[in-house]
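Below: one structure, written as structure tokens.
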Amino acid sequence: MTIQSVRGMPDILPEQSGGWLFLEQTVAALFSSYGLVQVRTPVVEETRLFARAVGDVTDIVEKEMYSFDDRSGESLTLRPELTAGVVRAVIEHGMLHNQTQRLWYQGPAFRYERPQKGRYRQFHQIGVECFGFADSTIEAELIELTDHLWRALGIRDALDLEINSIGSVSARESYKTALVAFLHSHFDSLDEESQSRLERNPLRILDTKNSSTQALLANAPALEDYLTKEDSAHFEALCLSLDQAGIRYRKNPRLVRGLDYYGRTVFEWMTDSLGAQGTVCGGGRYDGLVQHLGGRATPGVGFALGMERVVLLMETLGVIPAQMQTQADIYLMIQNVQSESTMRSLAREIRFQIPGLRVMTHIGGGSLKSQLKKADKSGADIGLIIGEDELKTKSVVYKPLRGGDQETLPNEEVVKRLKLLRDM
């Protein structure tokens with residue numbers, strides 16, 4: 001029997017990788033323009049990091065983590081999300097002492113759940129974490145950054161922004177008391193999942209997808225009625241900033257997010273183009289998390305996007321640039337083996353003279369007709385052919401592969417022509 005990939009941990013094949021590369025390149029350039037610097041943390045962390053950060057009564061910790069004991073008996077976990085590891089890193093390396101940080105990351109995470117389209121056991125996230133900013137301006141800038149990213153990727157019109165304030169710790173505790181009392185009085189009307197959450201994580205019931213429980217919640221106490229004046233002012237300032245930036249949004253009083261560390265601002269970018277997996281990106285403020293993990297009290301805010309879902313949305317909308325789905329820009333061919341050395345020399349010169357241009361040389365012999373088929377399959381726009389006559393006259397056949405007339409150019413003119421083509 002052949003060995004196959006682990007269920008829920010799919011391969012990303014060459015025909016799919018163009019969208020991933022487009023996303024990664026766009027993110028790296030855009031995030032740099034906002035002054036963000038990259039941080040890379042380990043895939044494996046101590047289990048207690050996630051139990052403390054994510055919340056030991058969340059589905060992630062109770063049901064979904066890949067945890068194991070190493071040979072020394074220490075409990076380790078494949079990270080189910082990346083924020084906790086970033087917070088651990090900035091505390092461990094003293095990065096929060098009298099300074100702010102604007103960081104971004106990219107990498108895989110792991111959760112044991114039922115695999116489905118856009119939802120896997122190994123998935124990939126890109127995210128941002130900012131520390132030391134208490135003002136709502138940082139939330140506004142991060143939301144503006146995501147809006148900018150969607151526009152750069154060509155998917156903005158397929159996404160809607162939802163925002164909410166879940167208030168400070170004191171506000172949430174007061175609200176939880178009122179919500180639990182209300183839900184207890186309607187316990188028999190709750191769906192089974194909401195019943196199990198009632199004592200463990202009652203705020204997550206607000207996020208239920210069960211229609212009967214949603215109808216019941218219409219009469220439940222409203223979280224916004226329990227916000228402090230400071231909570232409300234913070235949220236109103238964020239909304240004003242978004243209005244001034246021209247970013248459309250919808251206030252969703254039931255938006256709570258699934259992780260315990262959030263407080264005050266939470267937001268999600270949603271789409272109806274991917275079926276059940278509608279959340280593409282989510283985040284918010286987590287002012288208490290640094291202190292909770294052993295650091296000094298430090299404001300924090302961030303977001304993460306699911307790379308699989310963003311790429312799937314780009315594929316669905318057909319916005320991945322054609323160049324990202326091809327192998328080459330230039331394809332070099334020969335009509336006899338005597339021309340091979342000249343072909344490779346020309347390829348080297350093109351690569352050195354025009355960095356970034358994708359140059360493939362034909363390898364493996366074959367007729368010119370078969371070579372042209374491979375050139376076409378590579379996606380190259382230009383074919384360069386060296387035959388016996390060209391070898392003698394120190395020239396190259398310059399052949400447009402997507403329409404246009406071929407011509408013969410002196411060797412010294414080839415690079416000039418390709419530079420001109422690139423700059424058009």
Side-chain angles (χ1 to χ4, degrees), residues 27 31 34-62 64-67 74-111 123-136 138-139 141-143 145-146 166 168-169 172 201 234 256-268 281-307:
V27 161
F31 285 10
Y34 277 75
L36 301 171
V37 292
Q38 190 177 24
V39 61
R40 304 187 185 206
T41 58
V43 171
V44 177
E45 299 271 8
E46 290 187 36
T47 300
R48 60 194 179 111
L49 171 67
F50 302 112
R52 290 175 61 183
V54 176
D56 54 12
V57 295
T58 60
D59 288 344
I60 292 175
V61 171
E62 290 189 337
E64 299 173 1
M65 292 203 313
Y66 282 93
S67 298
E74 184 177 12
S75 180
L76 303 177
T77 294
L78 294 174
R79 61 189 182 196
E81 57 93 54
L82 281 76
T83 297
V86 173
V87 174
R88 189 267 311 149
V90 297
I91 295 172
E92 180 177 342
H93 299 286
M95 296 172 62
L96 301 179
H97 294 165
N98 301 315
Q99 57 187 316
T100 59
Q101 295 291 344
R102 304 183 191 212
L103 309 173
W104 75 276
Y105 58 78
Q106 173 186 331
F110 306 84
R111 296 183 192 176
F123 55 98
H124 299 76
Q125 291 186 336
I126 291 173
V128 171
E129 313 294 351
C130 296
F131 301 97
F133 304 93
D135 192 272
S136 67
I138 190 64
E139 286 108 301
E141 177 154 308
L142 292 190
I143 291 174
L145 168 60
T146 54
I166 59 174
S168 55
V169 173
R172 287 199 304 281
N201 199 347
H234 188 98
V256 294
R257 301 289 294 151
L259 305 177
D260 281 0
Y261 50 65
Y262 285 113
R264 283 193 171 170
T265 304
V266 290
F267 64 89
E268 288 186 353
C281 172
R285 179 168 285 277
Y286 49 85
D287 288 348
L289 183 57
V290 174
Q291 187 174 23
H292 186 61
L293 292 180
R296 300 179 181 181
T298 305
V301 61
F303 69 82
L305 63 87
M307 294 182 68

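This is a predicted model, so every value here is computed, not measured. Atoms considered below: every heavy atom in the structure, side chains included; atoms not considered: hydrogens, waters and symmetry mates.
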Validation row: [X], [Y] side chains within 4.5 angstrom (heavy atoms):
X	Y	answer
Met65	Thr47	yes
Leu103	Met95	yes
Leu145	Phe31	yes
Arg79	Thr41	yes

Apply side chain to side chain donor-acceptor pair (under 3.5 Å) to [X] and list each qualifying residue two or more places apart in sequence or on a separate chain.
X	value
Arg88	Glu45, Glu92
Ser67	Thr77
Ser136	none
Glu74	none

Only pairs under 3.5 Å count here: list side-chain donor-acceptor contacts from residues 124-133, not counting sequence neighbours, and write none if there are none.
from, atom 1, to, atom 2, distance (Å)
His124, ND1, Glu308, OE2, 2.7
Glu129, OE1, Tyr286, OH, 2.5
Glu129, OE2, Thr83, OG1, 2.6
Glu129, OE2, Tyr105, OH, 3.3

Where [X] and [Y] come nearest, the two heavy atoms and their spacing:
X	Y	answer
Leu305	Cys281	CB-CB, 3.9 Å
Pro108	Leu82	O-CD1, 4.0 Å
Gly302	Leu142	CA-CD1, 4.0 Å

Discussion item. Going by the rule side-chain contact (heavy atoms from CB on, under 4.5 Å), which residues pair with Leu293 if we only count those two or more places apart in sequence or in a different chain?
Written reply: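 If we apply the side-chain contact (heavy atoms from CB on, under 4.5 Å) test to Leu293, skipping adjacent residues, the hits are Leu49, Arg52, Ala53, Val87, Ile91, Leu289.
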Worksheet item: Taking only residues two or more places apart in sequence or in another chain, which ones pass salt bridge (charged side-chain N to carboxylate O under 4.0 Å, His left out) with Arg48?
Response: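 For Arg48, the residues satisfying salt bridge (charged side-chain N to carboxylate O under 4.0 Å, His left out) (neighbours in sequence not counted) are Glu46.
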Fill in: Sequence-distant partners of Arg285, salt bridge (charged side-chain N to carboxylate O under 4.0 Å, His left out), two or more places apart
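Once residues adjacent in sequence are excluded, the partners of Arg285 under the salt bridge (charged side-chain N to carboxylate O under 4.0 Å, His left out) criterion are Glu139, Asp287.
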Worksheet item: Which pairs count as salt bridge (Lys or Arg N to Asp or Glu O under 4.0 Å) when at least one residue sits in residues 94-106, sequence neighbours excluded?
Response: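 Of all non-adjacent pairs touching residues 94-106, those that pass salt bridge (Lys or Arg N to Asp or Glu O under 4.0 Å) are Arg102-Glu141.
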Interatomic distance, [X] atom [atom1] to [Y] atom [atom2] [nearest 0.5 angstrom]:
X	Y	atom1	atom2	value
Leu96	Gln101	CG	CD	6.5 Å
Phe110	Leu78	CZ	CG	5.5 Å
Ile143	Thr265	CD1	OG1	7.0 Å

Item to complete: Sequence neighbours left out, what passes ring-ring contact (aromatic ring centres under 6.0 Å, His included) with Phe123? Give chain and number order.
Response: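 ring-ring contact (aromatic ring centres under 6.0 Å, His included) check on Phe123 returns nothing, list empty.
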Discussion item. Strictly by side-chain hydrogen bond (donor to acceptor under 3.5 Å, both in side chains), give each pair with a member in residues 292-301 just once, sequence neighbours left out.
Written reply: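 Listed by first then second residue: nothing to list.
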